[in-house]
Amino acid sequence: MGRLNNLISILDLDRDDIDLILNTASKMEDVAIQRSTELSDKIMACLFFEASTRTRLSFESAMLRLGGKVLGFADVVTTSAGGKGETLADTIRTVEQYADVIVIRHPLDGSARVAAEFSRIPIINAGSGAEEHPTQALLDLYSIKKIKGKIDGLTISLCGDLKYGRTVHSLGMALSKYNVKIMLAAPPPLRMKPAIVKEMKRIGIEVTEVDSVEEAIRDVDVVYMTRIQKERFPDIREYDAVKGKFRISTEELELMRDDTVILHPLPRVDEIDPIVDDSHHAKYFNQVYNGVITRMAILKLILE
Ligand code: CP
């Protein structure tokens with residue numbers, strides 16, 4: 001991908017890199033339907049040390065649509081890392097001999113960076129702890145651009161668990177490369193990391209922090225809702241104190257502008273009432289398909 005071999009953090013990409021990915025993704029719309037053989041000599045290994053539906057299957061679908069082959073695991077218990085205590089470094093030094101690119105999801109912050117240090121083939125971060133999920137941010141940007149026709153000039157609310165949600169960390173940093181206004185909406189214990197807010201403001205982004213859904217959804221172009229990340233709370237009592245606090249249902253829809261779009265990286269639990277799915281605001285299942293398109297672009301740019 002230009003000067004990049006790996007995709008570890010959204011901070012590794014400048015705006016030109018991101019625009020190249022988004023423009024390549026746009027060209028993948030037809031390829032995704034017609035299929036191609038352009039990566040027929042390539043093998044992708046998916047190493048998922050943590051649960052996933054969309055990220056793993058969309059990477060596999062993307063690779064298959066480009067004619068490539070896939071291998072990997074979705075349950076660490078069946079591997080020597082899970083069953084025998086093999087290190088991440090040794091797992092990477094083994095799998096690099098079977099594939100041309102490694103897509104890795106791991107519960108620890110910094111895991112993808114460690115994998116890249118030990119790998120001679122490209123590493124793509126498919127989610128590293130509570131830290132980052134850069135390919136999700138890219139498909140989110142692609143979705144915003146596809147639906148709204150632009151990114152510059154928009155006002156975007158990032159809502160829900162901004163502390164443990166890795167998608168909002170990557171998306172917030174990615175949006176900071178554009179001329180946008182950002183609203184950060186979370187229950188007080190789940191506010192965005194101060195370092196990310198400080199960096200957004202240093203770049204010159206207008207950032208507003210609020211602590212209710214009602215404030216976050218009025219007069220914005222995009223509401224990006226997220227799940228409270230129960231599995232990352234060190235104390236379940238802290239989760240119980242915030243669960244169910246941020247929710248979009250019919251009452252909230254009535255507060256929105258007619259052209260406001262609701263996105264969500266999914267999975268959802270209870271933060272978007274299923275009744276919202278039938279609303280014209282709801283675009284999160286369109287967003288799922290954009291994951292295939294964007295990951296086709298990422299694989300093509302890294303592997304060709
Ligand atoms: N959005 C996302 O990362 O979904 P999965 O956890 O299902 O991969």
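All heavy atoms count here, side chains included; hydrogens, waters and symmetry mates do not. Counting starts at 1 for both ligands and their atoms, in listed order.
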Show me the side-chain donor-acceptor pairs of residues 190-200 shorter than 3.5 Å, one per line, residues at least two apart or across chains.
| from | atom 1 | to | atom 2 | distance (Å) |
| --- | --- | --- | --- | --- |
| Glu199 | OE1 | Arg202 | NE | 3.0 |
| Glu199 | OE2 | Arg202 | NH2 | 2.8 |

Give me the atom names and distance for the closest heavy-atom approach of Ala185 to Phe246.
O-CE2, 3.3 Å
Determine, for Arg120 against Glu96, whether the closest basic-nitrogen to carboxylate-oxygen distance falls under 4.0 angstrom.
yes
Applying side-chain contact (heavy atoms from CB on, under 4.5 Å) to Thr294 and Thr24, what does each step give before you reach the verdict?
CA-CA 8 Å; Thr294 308; Thr24 307; over 6 Å; no
Under 4.5 Å between side-chain heavy atoms, counting indirect links through other Ile/Leu/Val/Met/Phe/Trp/Tyr residues: same cluster for Val213 and Tyr224 or not?
no
Side chains of Arg166 and Ser128: is there a donor and an acceptor less than 3.5 Å apart?
no
Under 3.5 Å, N/O to N/O: give me all the pairs between ligand 1 and the protein, one per line with atom names and distance.
| from | atom 1 | to | atom 2 | distance (Å) |
| --- | --- | --- | --- | --- |
| ligand 1 | 1 (N) | Gln136 | OE1 | 3.0 |
| ligand 1 | 1 (N) | Pro265 | O | 2.9 |
| ligand 1 | 1 (N) | Leu266 | O | 2.9 |
| ligand 1 | 3 (O) | Thr55 | OG1 | 2.9 |
| ligand 1 | 3 (O) | Arg105 | NH2 | 2.9 |
| ligand 1 | 3 (O) | His133 | NE2 | 2.9 |
| ligand 1 | 4 (O) | Arg54 | NE | 3.2 |
| ligand 1 | 4 (O) | Leu266 | O | 3.3 |
| ligand 1 | 6 (O) | Arg105 | NH1 | 2.9 |
| ligand 1 | 7 (O) | Thr53 | N | 2.8 |
| ligand 1 | 7 (O) | Arg54 | N | 2.9 |
| ligand 1 | 7 (O) | Arg54 | NE | 3.2 |
| ligand 1 | 7 (O) | Arg54 | NH2 | 3.0 |
| ligand 1 | 8 (O) | Ser52 | OG | 2.6 |
| ligand 1 | 8 (O) | Thr55 | N | 2.9 |
| ligand 1 | 8 (O) | Thr55 | OG1 | 2.7 |
| ligand 1 | 8 (O) | Arg105 | NH1 | 3.4 |
| ligand 1 | 8 (O) | Arg105 | NH2 | 3.4 |

